[in-house]
Amino acid sequence: MAQVEAKKVVTIRYVLRNQDGDELERAEDPPLRYLHGAAGIVPGLERALQGRRVGEHFEVEVSAREGYGPRIADAEVEVPRSVFPDDAEVTVGTSFVAEGPDGEAFSLWVVGVEGDVVRAEPNHPLAGLDLSFSVDVVAVRDATGEEVAQGRVDEAHGHGADGPA
């Protein structure tokens, strides 16, 4: 039976909870497909999946450090609404990619919108939280050369079809 390892496309169903047991996210229908070893999921979960087999169910606790990282204090910035396309939906929780002074791309999340000003910060909404995952491994297949080169699953060309999920 196929085993989770680098350069495999892995399909999982999961429920994500915080340390109080509150459900934060669920990926069941459709399940999540990702390229193992390409940093497409949080490091703690990817490490816990290594070596697992199709049909396995497991629970794993992932620290904030191994999840979405610690919260960065006092990192909020104000961005003019005018820099976004007119038809862009800019609401709390929306993420967007910005460009740093040296041209590097980084993600920001909207934490507030007040008139013509969008307040954003680099903290993922789950940064600073210890997380609990309940996971079912649904499918594992070899990644195509194109997927490995791109570092992600190629859903657009039908390569995301792993069979029944």
> So which heavy atom on V42 is nearest to which on G67, and how close?
Replying inline: CG1-O, 3.5 Å

> In terms of the angle between their ring planes, are Y68 and H124 parallel, tilted or perpendicular, with boundaries placed at 30° and 60°?
Replying inline: parallel

>> D142 vs K8, test: side chain to side chain contact (heavy atoms under 4.5 Å, CB included). Steps then yes/no.
In response: CA-CA 5 Å; D142 291 333; K8 299 282 187 179; 2.4 Å; yes

>> Is it true that, when you exclude D116 itself, more than 12 heavy atoms of the residues, nucleotides or ligands shown sit nearer than 6.0 Å to its CG?
In response: no

> With a 4.0 Å cut-off, would you call D22 and R17 a salt bridge?
Replying inline: no

> Roughly how far, to the nearest 0.5 Å, is OG1 of T144 from NZ of K7?
Replying inline: 12.0 Å

>> Can you tell me if R81 has over 12 outside heavy atoms packed within less than 6.0 Å of its CZ?
In response: yes

> Shared ILVMFWY cluster between L24 and L45, side chains joined below 4.5 angstrom?
Replying inline: yes

>> Test side chain to side chain contact (heavy atoms under 4.5 Å, CB included) on F58 and L49; report intermediate values, then the result.
In response: CA-CA 9 Å; F58 67 97; L49 277 154; 3.7 Å; yes

>> Around atom CD of E89, are there more than 12 heavy atoms from other residues, nucleotides or ligands closer than 6.0 Å?
In response: no

> Is there a donor-acceptor contact under 3.5 Å from the side chain of E147 to the main chain of D154?
Replying inline: yes

> Can a donor-acceptor pair be found between the side chains of Q150 and E146 at a distance below 3.5 Å?
Replying inline: yes

> Between atom CG of D102 and atom CD of E99, what is the distance when rounded to the nearest 0.5 Å?
Replying inline: 9.5 Å

>> How close do G128 and A64 get, counting heavy atoms only, and between which atoms?
In response: C-CB, 3.5 Å

> What's the shortest heavy-atom distance between A127 and R71, and which atoms?
Replying inline: O-CG, 3.2 Å

> Would R119 and E78 pass as an ion pair if we require N to O under 4.0 Å?
Replying inline: no

>> Can you tell me how far apart CD1 (I12) and OG (S134) are? Round to the nearest 0.5 Å.
In response: 10.5 Å

> Is it true that the side chains of Q50 and Q3 contain a donor and an acceptor less than 3.5 Å apart?
Replying inline: no

> Do E25 and Y14 meet the criterion of a side-chain donor-acceptor pair at a distance under 3.5 Å?
Replying inline: yes

>> Would you compute the distance between atom CG of N123 and atom CG of L108 and round it to the nearest 0.5 angstrom?
In response: 10.0 Å

